[in-house]
Amino acid sequence: MKRMFLIFVMVLVMMAMYTVSTSAASNSMGKRHHVENIAHRGASGHAPENTMAAFHKAFWMKADYIEVDVQMSKDGELVIIHDTTLDRTTDGSGLVSEHTLEEMKQLDAGSWFSNEYAGEKIPTLEEVLDEFRGKIGILIELKSPELYPGIEEKVAEALKDRNMDKPRNNKIIIQSFNHDSVIKTKSLLPRVPLGVLAGMSWQDVTDEELEEFATYADYFNPNQNILNPELVERIHDKKLKIWPYTVREQEQADRLLKLGVDGIITDFPEYVYHHPRPRR
């Protein structure tokens, strides 16, 4: 009788241990680290970069964010284009800053990529905000802001006019390689999350420098090639999130996922996950 009682107790203990184990595993799965999928200049591996076509493609591919490059036209309008010249991605030529918005709207920003996109236009920041607000996150890069005095104020005005300067869900984020511009933006938009972009020259970033970034930024977004486990840990220790750029191969995405980054900026959203949004 005593032996049967002991066996009964042992069975109860084993059942309790199994319940705790499966519960812990379930909780661990529920807390799986979510990695944000940021479509670089839109889904630019599939459509001409920084066009509405690329942004719509990113939305249908179920990216979490679109990344857009903002510059300023000759007449002070906020235009979405990466290079400081028109030559590579349009049928125009010359500096962005030497052309009015009306002149740029006459250009073809799609044929260079494919005849399928002939006639795509250079969009304005306002057009992108109006089209995608509430649908997908928008990561705004201030491109070469040192060339465009007052661009930070213009971007702030565009967001304030749409009541987008106080995001509750971090769906508007502003970043730049020009860290002074990020600091200035902090003063104009204190409630908007900010990121510092870091090229290869920041591969030896110090803890002191990371601490300084953390005083005004929320993200440290580096060239993917400078990242290693030790640097990822140091950045996270400073409470900064990490969105590296620019992934163009599946192997690159896999490596960054293993490193534990918080987001991946990619030309190909499917490399981060493979769940395209069904077309309507």
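Computed from heavy atoms alone, side chains included, the values below leave out hydrogens, waters and symmetry copies.
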Query raised in the report: Roughly how far apart are Arg88 CZ and His82 NE2, rounded to 0.5 Å?
Result: 6.5 Å
Show me the side-chain donor-acceptor pairs of residues 186-201 shorter than 3.5 Å, one per line, residues at least two apart or across chains.
unit_1: Ser187; atom_1: OG; unit_2: Lys184; atom_2: O; d: 2.6

Query - Ile264 vs Gln252 side-chain heavy atoms within contact, under 4.5 Å - result: no
Query - Salt bridge flag under 4.0 Å for residues Asp130 and Arg162 - result: yes
Query raised in the report: For the side chain of Gln71 and the backbone of Ile81, is there at least one donor-acceptor N/O pair under 3.5 Å apart?
Result: yes
Query raised in the report: Does atom NZ of Lys74 have more than 12 heavy-atom neighbours from other groups under 6.0 Å away?
Result: no
Query raised in the report: How about Asp75: does its CG atom have over 12 heavy atoms from other parts shown lying under 6.0 Å from it?
Result: yes
Query raised in the report: Do the rings of Phe132 and His56 sit parallel, tilted or perpendicular, given the 30° and 60° boundaries?
Result: tilted
Query - Nearest-0.5 Å distance that lies between atom CG in Leu107 and atom NZ in Lys121 - result: 7.5 Å
Query raised in the report: Any chance the side chains of Ser181 and Glu152 put a donor and an acceptor closer than 3.5 Å?
Result: yes
Requested in this report: Please tell me if the side chains of Phe177 and Leu142 come closer than 4.5 Å, counting only heavy atoms from C-beta onward.
Outcome: no
Report task. Please answer: with hydrophobic residues joined when any side-chain heavy atoms are less than 4.5 Å apart, are Met72 and Val68 in the same cluster? Result -> yes
**Report entry** From CE (Met104) to CD (Glu98), nearest 0.5 Å
**Finding:** 11.0 Å
Report task. Measure across Ala39 and Pro269 and return the closest heavy-atom pair with its distance rounded to 0.1 Å. Result -> CB-CG, 4.1 Å
Query raised in the report: Are any of the side-chain heavy atoms of Asp64 and Tyr273 separated by less than 4.5 Å?
Result: yes
Query raised in the report: Any Lys/Arg nitrogen of Asp267 or Arg248 sitting under 4.0 Å from an Asp/Glu carboxylate oxygen of the other?
Result: yes
**Report entry** Glu36-Tyr65 side chain donor-acceptor pair, cut-off 3.5 Å
**Finding:** no
Query raised in the report: What's the shortest heavy-atom distance between Phe268 and His46, and which atoms?
Result: CD2-NE2, 3.6 Å
Requested in this report: Hey, could you give me the CD1/CD distance between Ile122 and Gln106, rounded to the nearest 0.5 Å?
Outcome: 11.0 Å
Requested in this report: Identify whether the distance between the nearest side-chain nitrogen and carboxylate oxygen of Arg234 and Glu230 falls below 4.0 Å.
Outcome: yes
Query raised in the report: Is the CD atom of Glu131 crowded by more than 12 outside heavy atoms at less than 6.0 Å?
Result: yes
**Report entry** Side chain proximity check, Leu139 to Ile265, heavy atoms < 4.5 angstrom
**Finding:** yes
Report task. Check whether any side-chain heavy atom of Leu240 sits under 4.5 Å from a side-chain heavy atom of Tyr219, and report yes or no. Result -> no
Query raised in the report: Quick one: do Ile173 and Leu125 end up in the same hydrophobic cluster if we chain Ile, Leu, Val, Met, Phe, Trp and Tyr together by side-chain heavy atoms under 4.5 Å apart?
Result: no
Report task. Say whether, by atom type as modelled, one donor and one acceptor occur between the side chain of Gln224 and the main chain of Thr246 under 3.5 angstrom. Result -> yes
Query - side chain to side chain contact (heavy atoms under 4.5 Å, CB included) between Asp218 and Lys241, intermediate numbers included - result: CA-CA 6 Å; Asp218 308 276; Lys241 293 183 179 180; over 6 Å; no
Query raised in the report: What's the verdict on side chain to side chain contact (heavy atoms under 4.5 Å, CB included) for Val128 and Ile66, showing C-alpha distance, side-chain angles and the deciding distance?
Result: CA-CA 10 Å; Val128 172; Ile66 52 175; 4.1 Å; yes
Query - Distance-minimising heavy-atom pair for Ser44 and Glu49 - result: CB-CB, 3.8 Å
Query raised in the report: Step by step, would you call Glu67 with Arg41 a side chain to side chain contact (heavy atoms under 4.5 Å, CB included)?
Result: CA-CA 5 Å; Glu67 184 260 356; Arg41 310 175 199 169; 3.5 Å; yes
Query raised in the report: Same cluster or not: are Phe55 and Ile172 linked, directly or through other Ile, Leu, Val, Met, Phe, Trp or Tyr residues, by side-chain heavy atoms under 4.5 angstrom apart?
Result: yes
Requested in this report: Examine the side chains of Ser176 and Asn178 and answer whether a donor and an acceptor come within less than 3.5 Å of each other.
Outcome: no
Query raised in the report: About how many Å separate OG1 of Thr185 and CD1 of Ile174, when rounded to the nearest 0.5 Å?
Result: 5.5 Å
Query raised in the report: Is any side-chain N of the basic residue among Glu127 and Lys105 closer than 4.0 Å to the acidic one's carboxylate O?
Result: yes
Query raised in the report: Are Val205 and Ile226 close enough that some pair of their side-chain heavy atoms sits under 4.5 Å apart?
Result: no
Report task. Apply side chain to side chain contact (heavy atoms under 4.5 Å, CB included) to Trp243 and Val261, showing your working. Result -> CA-CA 7 Å; Trp243 287 7; Val261 300; over 6 Å; no
Query raised in the report: Among Val155, Ile138, Asp161, which one satisfies side chain to side chain contact (heavy atoms under 4.5 Å, CB included) with Leu129?
Result: Ile138
Query raised in the report: Would you say the side-chain atoms of Glu212 and His179 include a donor-acceptor pair closer than 3.5 Å?
Result: no
Query raised in the report: Mind checking whether Pro222 and Leu227 have side chains closer than 4.5 Å, heavy atoms only?
Result: yes
Query - Heavy-atom pair with the smallest gap, counting every atom of Pro244 and Leu256 - result: CG-CD1, 3.7 Å
Query raised in the report: Does Leu159 belong to the same Ile/Leu/Val/Met/Phe/Trp/Tyr cluster as Tyr148, with side-chain heavy atoms less than 4.5 Å apart forming each link?
Result: yes
Query raised in the report: For the atom pair CG (Leu78) and OG1 (Thr124), what is the distance rounded to the nearest 0.5 Å?
Result: 8.0 Å
Requested in this report: Would you indicate whether the side-chain heavy atoms of Ser73 and Thr100 approach each other to under 4.5 Å?
Outcome: no
Query - Ala118: side-chain contact (heavy atoms from CB on, under 4.5 Å) partners, not counting sequence neighbours - result: Asp108, Ser111
Query raised in the report: Checking Asn223 side chain against Asn225 main chain: does a donor-acceptor pair fall under 3.5 Å?
Result: yes
Requested in this report: Following the transitive rule for hydrophobic clusters with a side-chain heavy-atom cut-off under 4.5 Å over Ile, Leu, Val, Met, Phe, Trp and Tyr, establish whether Ile235 and Phe213 coincide in one cluster.
Outcome: yes
Query - Side-chain hydrophobic cluster, 4.5 Å single linkage: members besides Phe113 - result: Trp112, Tyr117
